[in-house]
Amino acid sequence: MPELPEVEVVRRGLQRFVVGRTIASVQVYHPRAIRRHLAGADHFVAVLAGRRVLAARRRGKYLWLPLDSGNALLAHLGMSGQLLVLADAAPDGPHLRARFRFTDGAAELRFVDQRTFGGLDVEPLLPGEDVPVSVRHIARDPLDALFDDAAFGTAIRRRQTGVKRALLDQTLVSGIGNIYADEALWRARLHFARPTETLNRPEIGRLLSAVRAVMTLALEQGGTSFDSLYVNVNGESGYFDRSLSAYGRRDRPCPRCGTPIRRDVFMNRSSFSCPRCQPRPRRARY
DNA sequence: CACTCAACCTGCCGGC
DNA sequence: TGCCGGCAGGTTGAGT
């Protein structure tokens, strides 16, 4: 489940159903699911057994559970990863990659991932910074209280690239993927190829406000689910897809001006925008 | 640093 | 019915 709102929905589920519990045993069913855990599956299983989950945290699209050992169980859901809290008796689906049982014998946690782009590992938390090693290179996300708007504005204007490419760069601002990039640009009336160095302060302010607004709304609606791949820990879909203004709406009217939404191929993926509200800049940068 | 491409996977959909 | 290309919410590393 990919972008920030969907990952945050999962984090909240883990907060409610997993934090405070002690892991009894772990089973790994597919080596790719723990490929980032370089010490291997046996080690992964061993360091988790008996550990208590202290919290459920997130930065951007990364999710982690700090443990009483001082390490954290880190998860990235990739394109199709799910963390599900299910009764032990619930049948295993075809894409079950790992299972976590708890000492209280209540519902277990499962990592399910059709495309196996997601992954789990256990790693130390950086002293002082409070994030796992693998999350160090990721910028704070726009819903983080410590996100620095002014610093972001300076940094994005220093880039020599297009604004959508910048939004998708997780080292500049994290949590934004293809859906919310297109939705935020539509709200801010900016074309995806707008050169970042030409953005002025009001435009950057508009852009950040748009990102936050669309993510907050999506969160209230449980995230965006086009199919059963993107679900919360209880397997339920979000319904923000009904509120999308541009993404996936090729040839359908722009909700603001009625012009048919266009689709462009950009960075080898689809970009949706309104030709009238988001005119292509004279000098475009991709 | 900016940028492109390929790779990593499975499954679904539409066209032929 | 079946085969094939295109497409899908992400990240990483190699190469220019």
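Each chain gets a letter, A, B and so on, in the order its sequence line appears, and its residues count up from 1.
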For [X], which contact category applies under a 4.0 Å heavy-atom criterion: base, sugar-phosphate, or nothing?
X         : value
His30(A)  : nothing
Tyr62(A)  : sugar-phosphate
Asp113(A) : nothing
Arg35(A)  : nothing

**Item:** Presence of donor-acceptor pair under 3.5 Å, side chain of Arg159(A) and base of dA2(B)
**Value:** no

**Asked** Do Arg101(A) and Gln27(A) have a side chain donor and acceptor closer than 3.5 Å?
**Response** yes

**Prompt:** dT10(B) P sits how many Å from Gln82(A) CD, rounded?
**Reply:** 16 Å

**Request:** Between Asn268(A) and Gln160(A), just flag the one whose closest nucleotide in DNA chain B comes earlier from the 5' side.
**Result:** Gln160(A)

**Prompt:** Roughly how far, to the nearest 0.5 Å, is the OG1 atom of Thr224(A) from the CG atom of Asp241(A)?
**Reply:** 6.5 Å

Reckon [X] has a side-chain N or O less than 4.0 Å from the OP1 or OP2 of [N]?
X         : N       : result
His95(A)  : dG11(B) : yes
Ser80(A)  : dT10(B) : no
Tyr247(A) : dG9(C)  : yes

**Asked** Stacking here means centres under 5.5 Å and planes under 30°; does Phe117(A) stack on dT11(C)?
**Response** no

**Request:** Can you tell me the pairing partner of dT1(C) across any strand shown, Watson-Crick or G-U wobble, with both distances under 3.5 angstrom?
**Result:** none

**Fill in**
Applying the 3.5 Å cut-off to both distances, the Watson-Crick or G-U partner of dC12(B) turns out to be dG6(C)

